[in-house]
*Asks:* 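Sharing a structure, written as structure tokens. Questions coming.
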Protein chains: 2
Amino acid sequence: MPTIKDVAAHAGVSPSTVHYALNGKRSISPEVRQRVLASVQALDYSASAVAQRMREHRSYSLGLVAPELPASDAAMMEMLTATAATASAADHTLGIFLNQTPDQVLNLLRGQYVDGVILIETTHHDPRIEVLRGTPHPFVLIGQTGDMTGLTTVDFDFEEAFYLAFDHLARLGHRDIGFIVPHGAEEGSGERKENWYATQRGFRRAQQEHGLRAVLEPAVLDIEDGHRAALRLTARAPHITAIVASGHTHVGVLRALYSQGRRVPDDCSVIGVTTAQIAGWTIPRLTSVDLPLRQMSVTASELLLRKVGGEDVTEQVLLPAVLVERESTAPPARRPHED
Amino acid sequence: MPTIKDVAAHAGVSPSTVHYALNGKRSISPEVRQRVLASVQALDYSASAVAQRMREHRSYSLGLVAPELPASDAAMMEMLTATAATASAADHTLGIFLNQTPDQVLNLLRGQYVDGVILIETTHHDPRIEVLRGTPHPFVLIGQTGDMTGLTTVDFDFEEAFYLAFDHLARLGHRDIGFIVPHGAEEGSGERKENWYATQRGFRRAQQEHGLRAVLEPAVLDIEDGHRAALRLTARAPHITAIVASGHTHVGVLRALYSQGRRVPDDCSVIGVTTAQIAGWTIPRLTSVDLPLRQMSVTASELLLRKVGGEDVTEQVLLPAVLVERESTAPPARRPHED
DNA sequence: TTGTAGGCGTTATCAG
DNA sequence: CTGATAACGCCTACAA
């Protein structure tokens with residue numbers, strides 16, 4: 001790779017002249033300009049980004065930091081593409097960092113591998129946040145955490161989401177409802193506790209308003225555990241007429257009901273709080289409160305870019321919940337019913 | 001951020017002493033060593049990665065380059081996590097580059113934003129490959145392209161995959177089979193043509209071997225178009241007893257059959273060539289030839305890392321196809337049966 | 001065992 | 001209008 005010096009030598013000028021010929025930041029005589037440009041062509045020169053970044057103390061790249069393997073591929077991809085697009089539009093690069101220790105994340109920032117990071121799947125006591133908080137490094141989280149003072153965050157209104165889900169079922173006439181909730185959160189183990197609280201508040205509000213009887217069943221929020229949870233639920237509480245499923249559990253729930261010969265929504269309604277992509281293509285299509293993943297990512301990226309740009313932002317954005325009626329909910333069967 | 005000089009000054013030694021104290025590359029008196037380490041602690045110093053990378057002319061990061069938005073979220077995520085993990089294990093960072101022009105990709109390499117790239121979703125005449133070929137920059141493709149001489153590639157044996165799919169149906173007794181094929185590829189428009197050829201070869205081989213009658217229906221390989229294609233297919237050729245679906249079309253196919261009241265596999269078998277994650281959780285579970293996405297990504301990353309490390313690799317890896325029987329295929333119904 | 005000096009490639013500042 | 005110089009932070013001969 002030729003350097004700016006090579007070009008300068010080739011054109012018989014100084015490095016700074018080459019530089020300014022390429023960046024028009026100061027006036028150059030047309031002839032010299034041509035000569036330089038010709039040399040640039042001849043040697044196929046282009047400036048070294050590393051050297052530039054070293055000089056500027058910036059890497060022009062952002063990091064997306066996810067713990068372990070992401071909970072949901074589809075969700076992660078949607079966030080990823082949206083983040084990549086936003087970063088790219090602002091001439092930034094996006095790096096992916098999975099499975100990093102908090103110190104590794106810190107070193108990413110300190111070593112200027114990235115100018116700022118977006119943290120996803122945050123928990124109540126999130127070591128990544130604790131390490132970053134107080135440092136001068138820009139970061140934004142998508143999610144919640146225990147102490148959010150001074151942090152820049154983007155999140156979804158889970159309280160309203162679950163309120164809407166239960167409210168919808170209640171209005172259809174359901175009273176006995178199964179509820180698949182995030183495993184572990186229940187005991188406040190420090191995992192995802194904030195969302196758990198929000199979820200609880202939404203649920204309780206609808207419960208009181210409509211006098212609902214709910215049966216809670218914890219599950220890891222993946223398809224397989226959703227399946228198991230649904231089987232436990234229907235065994236424990238065969239009288240329920242509807243199920244509220246978090247995350248991707250609804251795919252497993254639908255499968256469990258199908259294998260038991262229960263028809264959805266005739267024999268049992270199912271409603272989810274999940275990503276639209278998954279919800280729209282199950283059989284039957286799932287009525288759900290869709291997570292606005294794309295919007296969350298874009299918002300988070302934009303906030304981060306502003307922080308990286310030196311702006312002093314401490315916004316906390318909460319995106320609203322909207323229920324989308326599809327085909328998996330109906331009034332409970334009072335009397336047998338054919339379709 | 002403190003520099004090595006700051007530490008040196010604080011400890012009353014020279015920068016090189018600090019350096020060697022931290023990297024044990026030469027002997028240091030215990031006392032000086034302690035003093036330096038104390039200063040490092042005190043100032044909270046850590047070496048700047050940009051400066052290091054500038055010196056070494058390496059960024060220790062790889063790029064994953066995908067055109068437009070990826071065809072399949074789930075597939076992309078699986079490749080992404082596997083690639084990130086492999087890169088990370090080799091102390092490399094992974095950058096994501098969507099929607100980049102061939103020149104942008106080249107500049108990524110030239111500017112040493114990344115040390116090498118993995119190209120996915122390659123086409124017959126892939127401008128990205130044409131631009132990179134002949135440059136000294138390391139790159140690996142996952143997929144095929146027109147002229148593969150000298151390239152390092154990883155791909156899946158699509159010929160065998162489709163052969164196995166048709167062979168499986170033929171052995172079950174099916175003779176009239178619907179085949180949802182990649183749209184556009186048929187006409188050799190330059191898109192994905194290589195896989196199309198392989199697909200055709202596999203299909204033709206099974207067809208001749210078993211005397212199959214197939215009805216081809218082109219579709220973009222997503223859920224929605226799979227749905228439409230299945231509707232067209234069953235309208236044109238109601239006598240088919242099985243459908244072979246590429247990519248994620250099977251989800252749409254299942255939905256189409258469901259909405260028509262055709263039971264799978266009783267009234268119509270469905271077999272896919274797709275990712276295991278999707279295949280395993282449809283209703284019914286899909287019999288399919290699963291794409292070994294994880295393995296492809298790991299192999300590609302490892303090859304790329306070797307190239308980046310200076311090794312001279314021009315391997316072309318073809319991963320084998322394996323059929324997994326689940327629940328969506330069965331012998332065709334010989335006698336009429338209520339529908 | 002430790003310090004000095006030079007270079008990686010770019011760019012800003014200061015002379016000319 | 002153009003050229004020389006220094007500095008970004010690190011690493012490594014080479015010298016002491």
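In what follows, every chain begins at residue 1, and chains take the letters A, B, ... in the order their sequences are listed. Worth saying up front: this structure is predicted, and the values here are computed from it rather than measured.
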*Asks:* At under 4.0 Å between heavy atoms, what does B:Ser48 touch on the DNA or RNA strands: base, sugar-phosphate, or nothing?
*Replies:* sugar-phosphate

*Asks:* For B:Ile118, run the side-chain contact (heavy atoms from CB on, under 4.5 Å) check against B:Leu94, B:Val154, B:Thr83, B:Thr152 and tell me which one passes.
*Replies:* B:Thr83

*Asks:* Where the side chain of B:Met54 is concerned, which of C:dC8, C:dT11, C:dG3 is the nearest nucleotide?
*Replies:* C:dC8

*Asks:* Run the side-chain donor-acceptor check on residues 29-37 of chain B: report pairs under 3.5 Å with partners two or more places apart or on a different chain.
*Replies:*
residue: B:Ser29; atom: OG; partner: B:Val32; partner atom: N; Å: 3.4
residue: B:Arg33; atom: NH2; partner: B:Ala21; partner atom: O; Å: 3.3
residue: B:Arg35; atom: NH1; partner: B:Ala11; partner atom: O; Å: 2.5

*Asks:* For A:Tyr60 and C:dT10, give me the distance from atom OH to atom P, rounded to whole Å.
*Replies:* 16 Å

*Asks:* Is there a side-chain polar atom (N or O) of A:Tyr45 under 4.0 Å from OP1 or OP2 of C:dT10?
*Replies:* yes

*Asks:* Can you list the steps and then say if B:Arg294 with B:Thr81 is a side chain to side chain donor-acceptor pair (under 3.5 Å)?
*Replies:* CA-CA 8 Å; B:Arg294 179 158 294 275; B:Thr81 53; 3.2 Å; yes

*Asks:* Starting at CG of A:Leu22 and ending at P of C:dT11, how long is that distance when rounded to a whole Å?
*Replies:* 9 Å

*Asks:* At 4.0 Å (heavy atoms only), tell me whether B:Val50 reaches a base, stays on the sugar-phosphate, or touches nothing.
*Replies:* nothing

*Asks:* Quick check for you: to the nearest 0.5 Å, what is the distance between B:Met76 atom CE and B:Glu121 atom CD?
*Replies:* 8.0 Å

*Asks:* Taking CZ from A:Arg26 and P from C:dA15, how many angstroms apart are they, rounded to a whole number?
*Replies:* 14 Å

*Asks:* Can a donor-acceptor pair be found between the side chains of B:Asp147 and B:Thr149 at a distance below 3.5 Å?
*Replies:* yes

*Asks:* Between A:Tyr20 (OH) and C:dA15 (C1'), how many Å, whole number?
*Replies:* 13 Å

*Asks:* Write down the distance between OH (B:Tyr113) and C1' (C:dT10), rounded to a whole number of angstrom.
*Replies:* 13 Å

*Asks:* Has the side chain of B:Ser29 got a donor or acceptor atom sitting under 3.5 Å from an opposite partner on the base of C:dT2?
*Replies:* no

*Asks:* Where each residue is assigned the nucleotide of DNA chain D containing its nearest heavy atom, which of A:Arg55 and A:Glu31 is assigned the position nearer the 5′ end?
*Replies:* A:Glu31

*Asks:* Round to the nearest Å and state the distance from B:His19 atom NE2 to C:dT4 atom C1'.
*Replies:* 15 Å

*Asks:* Name the nucleic acid region contacted by B:Thr17, choosing base, sugar-phosphate or nothing; use a 4.0 angstrom heavy-atom cut-off, strictly under.
*Replies:* sugar-phosphate

*Asks:* Tell me which donor-acceptor pairs under 3.5 Å the side chains of residues 296-304 of chain A have, and how far apart each pair is, sequence neighbours excluded?
*Replies:*
residue: A:Ser297; atom: OG; partner: A:Leu293; partner atom: O; Å: 2.8
residue: A:Thr299; atom: OG1; partner: A:Gln295; partner atom: O; Å: 2.7
residue: A:Ser301; atom: OG; partner: A:Ser297; partner atom: O; Å: 2.6

*Asks:* Heavy atoms of chain A, cut-off under 4.0 Å: which first and last nucleotide of DNA chain D, 5' to 3', fall inside that, if you could look?
*Replies:* D:dC1 to D:dG9

*Asks:* Between atom NZ in B:Lys25 and atom P in C:dT1, what is the gap in whole Å?
*Replies:* 17 Å

*Asks:* CG of B:Asn23 versus P of C:dT1: gap in Å, rounded?
*Replies:* 17 Å

*Asks:* Would you verify whether the NZ or CZ of A:Arg53 falls within 45 degrees of the ring axis of B:Tyr113 while also being under 6.0 Å from that six-membered ring's centre?
*Replies:* yes

